[in-house]
Structures are given as structure tokens and as C-alpha cells.
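Okay, structure first, notes after.
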Protein chains: 2
Amino acid sequence: MSVEPQQTGRRRVGRTTEGRRLLRRTLTVAAIDLFLESGYEQTTVDDIAAAAGVGRRTFFRYFRSKEDAIFPSHDEVLRDIERLFAEADDRQNPVEVACAGVTLVLDSYLSDPDVSVKRYTLTHTVAPLRDKEVASVDRYQRVLARYLRTRFETDGQPLADLRASVAAAAVAAAHNHVLRRWLRSGGTEDAHAMARKAFQLVVDAFSTEPPRRETGDDETVVAVLRSSASLAEVVQQISASLRPGGGSAQ
Amino acid sequence: MSVEPQQTGRRRVGRTTEGRRLLRRTLTVAAIDLFLESGYEQTTVDDIAAAAGVGRRTFFRYFRSKEDAIFPSHDEVLRDIERLFAEADDRQNPVEVACAGVTLVLDSYLSDPDVSVKRYTLTHTVAPLRDKEVASVDRYQRVLARYLRTRFETDGQPLADLRASVAAAAVAAAHNHVLRRWLRSGGTEDAHAMARKAFQLVVDAFSTEPPRRETGDDETVVAVLRSSASLAEVVQQISASLRPGGGSAQ
DNA sequence: GATGCTAACGGCACTGCGTGCCGTTAGCAA
DNA sequence: TTGCTAACGGCACGCAGTGCCGTTAGCATC
């Protein structure tokens, strides 16, 4: 395919940082197109490198494996999330901060709808690529869980570790749901609007603040108290309510 | 290592179904021990096969890849979960059914503590093995989400798809948390007791009864509490509610 | 404009994973 | 004893991923 295979001195496109980004993207696009066209297994790394006009060895200087070729560099997004968490106000709702963090992931997909949609058809079809995607989601989820754990711990939450893992998984799942819907729509729907709704559902479920509205199920006790009551009275009344049949409205 | 390499006719241990299980386990144990002893990358498939007394080609008749060697056959557990969901009473809480399903996964680990603990140190250390583990968790999570989605849809839940994905992720995360703690304890703690607590937290967060709005006037504080909350939590939440501006619905 | 330095690139060779193919052999039935 | 079937071992092959090295573009310096 290449007209000048042994030409001395190809363009050194990867010399500068900007050049590296460009070549990386060229390789990604080439990989995606070849995978879609000829199938993942049928496409060799040589094919991808040749399509991008570089040597096979260079490919592996840009991607650690054949599967990685179609994915963006998650490391940068991860760093952005870490920075957002580090700079976050401790007075903010931790779960909402986590949602803001994972929104950076969403944005990284939104910034390149064409590639994202094509990649989705691949991760939806090819098992090794799907596994890689899942592994990267797990990396994000771990970062979320770590942040939430420290926040929950300083807030004195009981079972902080468990809560953090569960909440992180929920936030990640909400993000994935929105992302999938957006990808299935071909990148046309309003992802951020969907994300707001989805995150609201998670925040409501996991908010550690006194919730504005609560789901009243069989195991919920509603206590109505005068604000002038002393704390001791309150405790007494609450413990009475928690006994079977003692709830004021259950 | 094998004393009789070209002996005609090794034992056909894999002939019967029971024999296959036995040889599979032998290969798994050999792989785990070799990975722990010599390192994952340093250990070749030939080493594993030789340690188990079979040929390299036979190894790949039992495992699809080198990474798969240390994992149990998730397919069986997945089938058990599907059957549990199929036979589940539709009047049961869907999230609780999902927890019951994922408990089957927990049990599969508990049934072989020795291998599970050793495997954990590997998945905790070796990136490719961790990725495989994450991928298998995702498979379970998808089954949970599919069940929850149909249940939520027939229950007429709004955003059933989103809720199902998020709840499935939460259930899976709670399971993983319990499993990790149990593995870190060396398989000594009471995993089922931990699981009950962890699942309770998820069920509370995702119970799907219609939300109830509470309105109060300036002199009344309405606090809605989960009966599973500890007294300390209750006091903390109540005192927060009694502070000006801290009320949940005042 | 000539020279030296640095870093990216291409090519080569090598290890090892995963697979298709085939001859061999154990287990079982007739 | 004979024939059938299925698991096994060995062989060869393609390809992923890596270490090594010579080459070359880009840049600074004289």
C-alpha cells in the first residue's frame, strides 16, 4: 500500500508533543476503520501501522497492545479527575463531586463523537475490546471510590468503605448508561441533560445529607417532632418509633 | 520434569465429566502456585501443563487462555443465577432477588477458600489477571441488570433501564466489597454476615416504592429515617435537622 | 554551512500465546 | 478380537509484544 516503503527519512511527525497526538489519532482512526472493515482478528498490527504510514515497531511505541489502539488515553482524563477531586470544596456533596469527576469522562467521549460511535460498535461486538473497555471503566471507578472513601470517612459515615465502593459503582453505572444511550443514538441526543437526570437519581439514593425527599417503604419510620424538643426527648421518641409498631407513620 | 515424556498412553483423566473437573482443578492449582512462585510473566503455559502432567495442547482444551487458568468456570454460576431469577417470586423485592443471585457468586468463592485467597493476591498484583477478573464481574453485573430491568419495567418504574443498571452495579459492588474483605482476612471472617449488612444498605438505597413528599411548617421538623440506621446516626441526623436551615423538609 | 547531540523511527530477531491439523491411544461396545 | 469414538500429544504456523541496534530528522553550537 505504501508507495515508498524504504524511502529514507519519513516525516518525523511524532517529534513534537502535538505531532505525537496527531500520529496517535491517525493510528486510532486507522485501527477502528480496519477493525470495522476487515474484522478485529483478521486485522494485524502490521496492517494498522501500514495504513498509518509507520512501521510496526512504532505502533507499539504509541499503544501497549493491539486492543489499546482504539481507545483514547485514559491517563490524561484520570489525571484531570484527580485534580478536580483535589481542588474540590469539602463542603460540596461528595457524590455530586464524584458525578462531576465522571462527567470529565463523558466529555472526553463527547469531544469526538465520530470515533466514539464507531468504537462503540466494536466494543459491543468484539469480546477482547469489550473487556478492555470494562477494565478502563474499573480504573475510573476505583478513583471515584478512593475519593468518596476519604470524604465519607472524614464525614464520620459508618461503613465508609462499603458506601464509597457502592456509590462509586452507582455513579459509574449512571455514566455508562448515559454514554451508551448517547452512543446508540449516534451521538445526537443531549448527553449532559441525560446525565443530570441520571446523576440526580444516584445522588438522591446515596446522599449523606438529610435527604429532601425520601422513599417511604415498609422499613421507613417517619417521626414528626417539635423543633423545641430537647435532644433527649428526641432520642427517646425516635427509639420508641424504631420499635415494631411504635412508628408515628409507618 | 516428567519422567516418561514419550510414554505411550498417559492416564485419560479427562475422559469422564468428573475426570475433566479434576484435571481442570489440577491445572488451576498448578497455575496459581507457579504464578505465585515464579511470577506470572515468567511462567509459560508449558510450565503449567508440565506441572499438571499433561501436554501444552491439552491445557488449551481446558482454558481459553493463560489468564483463564486461575479462574473458576463462571458459566456454571451464571447459569445458576439465571435459574434463580427465572424461578424467583415476582412479589419479592427485585433488588433482594438480585442480592440472592450474587450471593451464589460469593458462595462459589467461599467453597474453595484456599484457591480464592491465593487467586486474590494474584488478581491484586498482576494487571492482566485483574482485568480478567473485572471482565467476569461485568458479566455477572449484566445478568443482574437484565433481570432488574424486566422487573422494574413490569413494576412500571420510571427510568427502569437506568435504575436497573445502577442498582445492578451497586449490588455487584457490595458483593465485591464483602468478597475483598473476606479474602483479605484470609477467608476467616463471616462473609455471609457481612453480605447481609452490605446488601441491606443497597436495598435501602434502591427500594422502589413511590416517593413520598413531606411538607411541614416552620415549627415542625419531619425526619425520615431508615430503621436500620444506628442510634448514633439517628441522633446526628436529628440534630442536623434541628439546626436552622438543616431541616430535611421544614 | 559544518558538526555533534538527541530522540524518534524502522528493521530484525526472538519468545511465547493461541490454533489447526493429524497420528496415536485409551475406553467401550459388539 | 475388531471397530468406533473421543481425548491426548506433537508439530507447525501466524501473530502479538519486546529487546536491540543502525539510521535519520530536528536542533543547538561553533
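Just so it is clear, the values below take in all heavy atoms, side chains as well, and ignore hydrogens, waters and symmetry mates. Proteins get letters first, then strands, A, B, ... in listed order; numbering begins at 1 in each.
No donor-acceptor pair closer than 3.5 Å links the side chain of Arg163(A) to the backbone N or O of Leu201(B). Side-chain atoms of Thr44(A) come within 3.5 Å of backbone N or O of Asp47(A) as a donor-acceptor pair. Between the side chain of Thr28(A) and the backbone N or O of Ala69(A) there is at least one donor-acceptor pair closer than 3.5 Å.
With rounding to whole Å, Glu67(A) atom CD is found 13 Å from dC15(D) atom C1'. The interatomic distance linking Phe59(A) (CZ) with dG17(D) (C1') rounds to 10 Å, in whole Å. Counting to the nearest Å, the C1' atom of dG11(C) and the CG atom of Asp46(A) are 11 Å from each other. As a whole-Å value, the separation of Phe63(B) CZ from dC8(D) P is 12 Å. Taking atom CD1 of residue Ile48(A) and atom P of nucleotide dG10(C), one finds them 15 Å apart after rounding to whole Å. Distance Lys132(A) NZ to dA16(D) C1': 13 Å, rounded to the nearest Å. Between Glu41(B) atom CD and dG16(C) atom P there is a gap of 11 Å when expressed in whole angstrom units. One interatomic measurement links the two molecules: CZ of Phe35(B) to C1' of dC17(C), which rounds to 12 Å at whole-angstrom precision.
Of the listed nucleotides (dG17(D), dC8(D), dG10(C)), dG10(C) has the atom at the smallest distance from the side chain of Thr58(A). Distances from the side chain of Thr44(B) to the nucleotides dC8(D), dG18(C), dG16(C) place dG16(C) closest. Listed nucleotides dG17(D), dC21(D), dC21(C) differ in distance to Arg61(A); the shortest reach to its side chain belongs to dC21(D).
Taking every heavy atom of both residues into account, Tyr120(B) and Thr123(B) meet most closely at O-OG1, 3.1 Å.
Taking 4.0 Å as the cut-off between side-chain N and carboxylate O, Asp131(A) and Arg139(B) do not count as a salt-bridged pair.
Side-chain atoms of Arg57(B) and base atoms of dG18(C) include no donor and acceptor less than 3.5 Å apart. Below the 3.5 angstrom threshold, one finds a donor paired with an acceptor across the side chain of Arg56(A) and the base of dG17(D).
An OP1 or OP2 oxygen of dC9(C) is reached within less than 4.0 angstrom by a side-chain nitrogen or oxygen of Tyr62(A).
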